[in-house]
Amino acid sequence: MLDLALMASLVRAIDWRQVRRFILVGDPNQLPPIGRGRVFADTIQWLAEKNAAGIARLANNLRQLENAVEGKGTAILRLADLFISAKARDDGQPTAPDAEELLTQVHKGGDVDADLRVIYWEHPMTLSETLIQTIEMEMADHTGEALNSEKPYELWRTAFDWKPEKYQVLTPHRGELHGVEALNEAVQDRVAAGVMHRYGLLDGITLYDKVIQYRNRPQSNPIWAYNFNARKAERVEVFNGEIGFVQQHNFDNKHSGRLKRFQVKFERKDHLAVGYGSALSANGGFESVEDNLELAYAISVHKAEGSEFNHSYVVVPCSKGRSLSSELLYTALTRARQHCTLLVQGDVSTLLSARRPENAQTGLINSSLFDGFFRAVQDELINRKGWYEEGRIHEALSGDMVRAKSELVIANLLHERDVPFSYEVLLRAPDGTMYLPDFTISWQGETWFWEHWGMMSVASYQEHRSRKVGWYDKHFPGRLIETFEDPQLSQQVAQNIASRFS
């Protein structure tokens with residue numbers, strides 16, 4: 001998330017006479033910076049064109065290989081890969097069979113693999129209850145302890161064991177019932193009701209809450225903390241995004257009255273207790289809670305970038321306007337070390353919409369680090385109409401954007417013959433299973449599905465076709481039209497159209 005301003009400061013601060021090599025490490029598929037520019041993505045693009053030897057790409061994901069060997073599941077990374085832009089994958093092919101099969105599993109919900117679970121929800125009013133029940137079910141399973149409905153905080157504290165990275169809720173927005181604020185309030189009400197009643201709140205936070213520092217406190221503006229190793233108070237750095245748990249201040253005891261101060265132990269800083277509130281020392285002292293901290297049972301995906309959690313719970317709302325971006329879903333999925341639970345509103349189409357490359361954020365940034373700080377954003381991205389494939393636009397005569405040139409042939413011939421069609425629209429069977437037909441055609445009150453098969457010399461593609469044709473035969477008999485990759489594709493398409501839609 002390195003923006004132009006920060007990059008400029010960094011470059012100015014370096015004594016280039018002392019530098020032999022400048023190395024940037026990152027993932028261009030994650031969210032672009034909130035500030036100006038897309039520094040890392042621009043750098044990768046420029047190197048690819050001008051100095052390809054300057055790029056070292058991760059070819060094998062060791063975590064995925066290890067998980068596959070140990071039976072821990074690989075669905076998180078396989079699903080995340082579906083949200084990488086077409087240009088990054090460098091394929092330009094229609095939806096691959098393995099991708100479609102994975103999406104079919106995701107559509108079913110439940111356990112997709114040992115590392116991924118999908119739960120669908122409909123009404124925002126019930127989301128927090130569903131989320132809390134899911135977390136508590138997993139906490140009970142991980143700890144072996146049963147939930148005491150009258151004292152749920154016992155299970156939460158045992159499961160976390162004062163390690164804030166063990167469980168984390170991620171959501172794309174701050175507002176609305178699926179956002180950071182509402183979910184934090186719901187979880188706090190669940191696990192801290194008794195503490196709030198006894199000690200009260202300090203700027204919305206009470207003892208034992210999980211919190212995040214949202215204000216940078218660098219060396220130029222440090223904050224007081226007690227160092228247990230040095231056994232003295234000292235000024236320390238705390239940075240935006242650090243997560244920890246609230247504890248009782250060491251000046252207080254369990255019989256203290258209403259809350260006026262507390263300490264926070266942040267992740268990987270167990271030797272420090274950072275003070276917030278009033279009367280922080282014998283001479284007084286004050287550190288505003290409101291200006292530094294907020295609840296962190298749920299945090300935004302943007303805040304989570306750069307962090308990892310053992311178990312993550314990703315809320316995916318169904319957007320009424322613009323869809324979620326592919327970078328956001330990719331980033332959210334890859335925050336989990338061990339297990340991810342996706343809580344998706346509606347159905348799998350919410351994920352399919354986010355996967356569409358025209359919903360990517362990076363492509364909408366018109367600044368460029370190497371091209372005069374301005375780059376033209378293509379109309380297809382600005383208008384966000386139909387399908388856009390980054391770097392490979394196949395616009396049919398109808399105005400539809402399709403993935404592959406063979407599909408372009410089909411789309412153009414259908415359009416020329418006034419046969420209305422839709423491209424890659426989710427098709428559900430009566431038993432709840434789903435697939436993505438290449439084309440869906442409505443003609444004289446009847447619906448047809450057109451599949452174009454490429455790479456039939458590959459065994460996995462043959463197996464995929466066999467499964468999919470069997471599915472059509474079972475649920476939509478006689479409704480399937482098939483074409484195959486062939487130099488005479490145009491003739492195949494024309495004959496099929498003439499025989500059915502003339």
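As a basis for the values below, the full set of heavy atoms in this structure was taken, side chains included, without hydrogen atoms, waters or symmetry mates.
Judged purely by atom type and a 3.5 angstrom limit, His107 uses its side chain to pair as donor or acceptor with the backbone of Gly432. Looking only at distances, no side-chain donor or acceptor of Asn240 sits under 3.5 Å from a matching main-chain atom of Arg215.
Between Tyr167 and Glu138, the side chains place no donor N or O within less than 3.5 Å of an acceptor N or O (distance only, hydrogens not considered). In this structure, a donor-acceptor pair under 3.5 Å is present between the side chains of Arg217 and Asn292. One side chain, Glu136 or Trp156, offers a donor N or O that lies under 3.5 Å from an acceptor on the other. For the 3.5 Å distance criterion, the side chains of His178 and Gln345 fail to qualify, holding no donor opposite an acceptor. Side-chain contact of Asp209 with Gln188: a donor-acceptor pair under 3.5 Å is present, judged by distance alone. For the residue pair Arg38 / Gln45, a side-chain donor-acceptor distance below 3.5 Å is found, with atom types taken as modelled.
Other residues, nucleotides and ligands place more than 12 heavy atoms under 6.0 Å from the NZ atom of Lys269. Other residues, nucleotides and ligands contribute over 12 non-hydrogen atoms within 6.0 Å of the CD atom of Glu70. By the neighbour-count criterion of 12 heavy atoms within 6.0 Å, atom NZ of Lys260 is sparsely surrounded, having that number or fewer from other residues, nucleotides or ligands. Heavy atoms of other residues, nucleotides or ligands lying less than 6.0 angstrom from CD of Glu267 number more than 12.
A heavy-atom distance below 4.5 Å is not found between the side chains of His339 and Asn310.
Using a 4.0 Å cut-off between charged side-chain N and carboxylate O, Asp111 and Arg117 make a salt bridge.
A cation-pi arrangement is found for Arg157 relative to Tyr208, the charged atom lying closer than 6.0 Å to the ring centre and inside a 45° cone about the ring normal.
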Which pairs would a plain distance check flag for residues 3-14, meaning a side-chain donor or acceptor within less than 3.5 Å of a matching protein atom at least two apart in sequence or in another chain?
residue, atom, partner, partner atom, Å
Asp3, OD1, Ala5, N, 3.3
Asp3, OD1, Leu6, N, 2.8
Ser9, OG, Ala5, O, 3.1

